[in-house]
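The figures that follow rest on heavy atoms only: side chains count, while hydrogens, waters and symmetry mates do not. Bear in mind that the values here come from a model prediction, so they are computed numbers and not experimental data.
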Amino acid sequence: MNAVIYSNDNLECQRAKTLLEKLNFQIAVYKLNQHFTSKGFVREFGPEAEYPQVNIGFRHIGGLKETLHYMKQEGLI
């Protein structure tokens, strides 16, 4: 399965990447100021969104907490 992580390289971003790697996801990591701007991030995810933001397949999951919840619901962890 494919996943995308929008990252600013904080600890939660690293944890999300590690989790998805351990579950054998194909991961693309988009980094702040390299692949997108803060303004673009807010436009895409809203002013309250925190890093990381995770998409799995074509579905936006949310932050690390929401990603963990999704993984549990889907029986992946």
Side-chain angles (χ1 to χ4, degrees):
M1 195 174 300
N2 295 323
V4 175
I5 301 172
Y6 293 86
S7 172
N8 69 352
D9 283 333
N10 69 18
L11 187 56
E12 286 199 355
C13 294
Q14 293 169 11
R15 287 179 177 157
K17 184 175 183 260
T18 299
L19 170 68
L20 293 168
E21 285 174 341
K22 288 186 179 201
L23 294 171
N24 296 316
F25 278 77
Q26 301 270 333
I27 306 166
V29 178
Y30 296 139
K31 295 184 178 186
L32 177 63
N33 296 323
Q34 185 176 354
H35 300 104
F36 63 92
T37 63
S38 292
K39 193 174 188 177
F41 182 84
V42 169
R43 215 176 308 132
E44 181 73 23
F45 301 110
E48 302 300 319
E50 296 180 3
Y51 290 94
Q53 288 297 305
V54 177
N55 291 348
I56 295 178
F58 294 104
R59 181 177 177 191
H60 176 244
I61 304 301
L64 180 59
K65 185 184 218 179
E66 291 82 12
T67 301
L68 288 167
H69 181 72
Y70 172 83
M71 297 293 179
K72 286 179 185 175
Q73 277 187 319
E74 296 297 313
L76 298 170
I77 56 173

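- For the atom pair NZ (Lys17) and CD1 (Ile27), the distance works out to 6.5 Å, reported to the nearest 0.5 Å.
- Rounded to the nearest 0.5 Å, atoms CD (Glu50) and SG (Cys13) are 10.5 Å apart.
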Determine all donor-acceptor pairs shorter than 3.5 Å in which one atom belongs to a side chain in residues 61-77; sequence neighbours excluded.
{"residue": "Glu66", "atom": "OE1", "partner": "Gly63", "partner atom": "N", "Å": "2.8"}
{"residue": "Thr67", "atom": "OG1", "partner": "Gly63", "partner atom": "O", "Å": "2.8"}

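- If you take CG on Asn55 and CZ on Arg59, they are separated by 10.5 Å, rounding to the nearest 0.5 Å.
- Every residue two or more places apart in sequence or in another chain that forms a ring pair (Phe, Tyr, Trp, His ring centres under 6.0 Å) with Phe45 is listed here: Tyr6, Phe41, His60.
- The distance from the CZ atom of Phe25 to the CG atom of Asn2 is 9.0 Å, given to the nearest 0.5 Å.
- Annotation: side-chain contact (heavy atoms from CB on, under 4.5 Å) contacts of Leu32 (sequence neighbours excluded): Asn8, Phe36, Ser38, Tyr51.
- Neither Tyr30 nor Val42 shares a network with the other; the hydrophobic side chains, linked directly or stepwise wherever heavy atoms of I, L, V, M, F, W or Y lie under 4.5 Å apart, form separate groups for each.
- Hydrophobic clustering, with ILVMFWY side chains joined whenever heavy atoms are under 4.5 angstrom apart, keeps Met1 apart from Val4.
- Between the CD1 atom of Ile5 and the CD atom of Gln14 there is a distance of 10.5 Å, given to the nearest 0.5 Å.
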